[in-house]
Amino acid sequence: MNEQLLEQIKELPKIDLHVHLDGSVKPDTIIELAKEQGKPLPEGAEGDLTPWMQIDETCTSLVEYLSKFRFVLPFMQTAESLERIAEEVVEQAAASGCLYIEVRFAPLLHTLEGLSAGEAILHTIAGLQKGEQMFGVKARVIVICMRHDSVERNLEVIEAAREYYGKGVVAVDLAGDEAGFPPALHQEAFELASRYELPITIHAGEAGGAANVRESITRLGASRIGHGVRITEDPSVIELVRTTRTPLEMCPVSNIQTKAVPGWEDYPIRSFLDEGILVTVNTDNMTVSGTTMNLEFEMLAEHCGFTLEELAQLTVNSAEAAFLQGEEKEELKAAVHSALQKLGYTL
Ligand SMILES: O=c1[nH]cnc2c1ncn2[C@H]1C[C@H](O)[C@@H](CO)O1
Ligand SMILES: [Zn+2]
């Protein structure tokens, strides 16, 4: 690929609106946490843990992809581990030139050793704040309800999210096995979120069809959609997403790995842009997917022919889609325009 473009991509500011905390743990950190916490690593897991934590090209589905998360969760049950991992996510985002990130995680996955959902949120926010100070990347939390959890458990998650809304938390989400658990199962939890005026994003149209995207917008009150690649299956859902200006948090490398799309030649991002959809590009899981924001942009340049200006436009879209106040969004957009200008381009 064009060497100059590769260099310029590194200089471009980025925004990652869809990155999971537990999918973005540095392998060496798990080795250290295992020692500190006196927990054994599974038999055979020695040296570089990357193969244990990263999906490979043989992955056939989202369910298989999700199996990778089981490895890290036992080491993410303490205040210290959540703070450290959150801080290190900010560090990794800084290395890709991110200005702003929204880091998501499911508090109930971190309550196996006594932390409450609220405490898990508190310590994740603390880690992000430390990262923000150290690495200069603004960082906020999106609180996840898991699809396999009961309505009662997820109502608890919404209550905990509300407690920290405006104090580090910016929104709530629904994640996990989309094919096995349709959006309607969680209507009650998201009705509560709407009553509390918590912004909502929902994973949909990844391992499930376009109808899930429609349901997430019309029944669960989503104002953003995680992935959404499969809206290609229904022109009326494309129209809904377009006319409601619902941003799509696309995660190209992850979408190829989970087989949400068959391959790069079918990746619909350019057609979505042409149709006037507010598209954003994100990592999903830096470790599980073996990706970074720089790599996502490189892939788009290589496989979808994106120019530097088009990539910068994606970051402007992300600023627009961010769960931030208007003024903060304008600041981010101005930073993108000025960085692009320094590189000799304008939008
Ligand atoms: O791409 C995804 N789709 C649905 N669920 C996901 C994806 N990436 C991660 N998750 C799940 C697994 C994690 O344990 C959970 C909380 O971050 O969210
Ligand atoms: Zn995700």
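Count residues from 1 along the sequence. When a ligand or atom number is given, it counts from 1 through the structure's own listing order.
For the ring pair (Phe, Tyr, Trp, His ring centres under 6.0 Å) test, residues two or more places apart in sequence or in another chain that qualify with Tyr267 are Trp264. Every ring pair (Phe, Tyr, Trp, His ring centres under 6.0 Å) that His110 has, sequence neighbours left out, goes to Phe105.
In this structure, Glu206 does not pair ionically with Arg230, as no charged nitrogen and carboxylate oxygen lie closer than 4.0 Å. Contact check on Glu320 versus Arg245 returns no salt bridge, with no Lys/Arg side-chain nitrogen under 4.0 Å from an Asp/Glu carboxylate oxygen. Electrostatic pairing of Arg84 and Glu87 does not count as a salt bridge here, judged by no charged N lying under 4.0 Å from a carboxylate O. Under a 4.0 Å N-O distance rule, the pair Glu113/Lys39 qualifies as a salt bridge. The pair Arg104-Asp173 counts as a salt bridge, with a side-chain nitrogen and a carboxylate oxygen less than 4.0 angstrom apart.
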Pairs under 3.5 Å, nitrogen or oxygen of ligand 1 with protein nitrogen or oxygen:
residue: ligand 1; atom: 1 (O); partner: Glu206; partner atom: OE2; Å: 2.8
residue: ligand 1; atom: 1 (O); partner: His227; partner atom: NE2; Å: 3.1
residue: ligand 1; atom: 1 (O); partner: Asp284; partner atom: OD2; Å: 2.8
residue: ligand 1; atom: 3 (N); partner: Glu206; partner atom: OE1; Å: 2.8
residue: ligand 1; atom: 5 (N); partner: Gly176; partner atom: N; Å: 3.0
residue: ligand 1; atom: 8 (N); partner: His20; partner atom: NE2; Å: 3.4
residue: ligand 1; atom: 8 (N); partner: Asn285; partner atom: ND2; Å: 3.1
residue: ligand 1; atom: 14 (O); partner: Asp22; partner atom: OD2; Å: 2.5
residue: ligand 1; atom: 17 (O); partner: His20; partner atom: ND1; Å: 2.8
residue: ligand 1; atom: 17 (O); partner: Asp22; partner atom: OD1; Å: 2.7
residue: ligand 1; atom: 18 (O); partner: His20; partner atom: ND1; Å: 3.3

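Judged by a 6.0 Å distance limit and a 45° cone about the ring axis, Arg270 is positioned over the six-membered ring of Phe306.
Smallest separation of non-hydrogen atoms from Ala210 and Ile231: CB-CA, 3.9 Å.
Neighbouring protein atoms of the Zn ion (ligand 2) (N, O or S, distance under 2.8 Å, waters ignored): His18 NE2, His20 NE2, His203 NE2, Asp284 OD1.
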